[in-house]
Amino acid sequence: MKIYSDESKKNVKEFLTKSTQNQERISITTDLKIYYRQPITDLKFKHQFCIFNTKQKLNRDIHIYNSRKSR
């Protein structure tokens, strides 16, 4: 947020393009934010999800599901 005012697909792609211009594009690990996916694919990176964020989301989704089920 300090570099761009928002995390749009356009800004993510621009940031990644500039910050990796002199590097081999192998893979990027991110949290599960949806607007990272297309720019990473467009730039030909392998996209990996952070294990911590993945577990956190699964736990949150299970909690929400169980909360709705018990009503």
Find the distance between [atom1] ([X]) and [atom2] ([Y]) and round it off to the nearest 0.5 Å.
X	Y	atom1	atom2	value
Q38	K13	CD	NZ	8.0 Å
S27	K44	OG	NZ	16.0 Å
N11	S5	CG	OG	6.5 Å
Q48	I40	CD	CD1	10.0 Å

* Would one find more than 12 heavy atoms of other residues, nucleotides or ligands at under 6.0 Å from atom CZ of F15? -> no
* Structure fact -> K46 meets the salt bridge (Lys or Arg N to Asp or Glu O under 4.0 Å) criterion, sequence neighbours left out, with none
* **Transitive ILVMFWY side-chain link F52 to I62, under 4.5 Å** => no
* Asked: Is there a chain of hydrophobic side chains (I, L, V, M, F, W, Y, each step under 4.5 Å between heavy atoms) that links Y36 to I51?
  -> no
* To do: State which residue, out of D31, T29, L58, fulfils the side-chain contact (heavy atoms from CB on, under 4.5 Å) condition with N53.
  => D31
* Indicate the atoms forming the closest heavy-atom contact of T54 with C50, along with that distance. => OG1-O, 2.8 Å
* Structure fact -> By side chain to side chain contact (heavy atoms under 4.5 Å, CB included), R60 pairs with (sequence neighbours left out) Q56, K57, I64
* Could you list the residues that satisfy side chain to side chain contact (heavy atoms under 4.5 Å, CB included) with Y65, not counting sequence neighbours? => K69
* **Criterion side chain to side chain contact (heavy atoms under 4.5 Å, CB included) on F45 and I26, from CA distance to verdict** => CA-CA 5 Å; F45 282 101; I26 299 172; 5.8 Å; no
Could you pull out all residues at least two apart from [X] that satisfy side chain to side chain donor-acceptor pair (under 3.5 Å)?
X	value
T20	R25
S19	none
K33	E7
T30	H47

* Hydrophobic cluster of F49, others only, ordered by chain and residue number, side-chain cut-off 4.5 Å -> L32
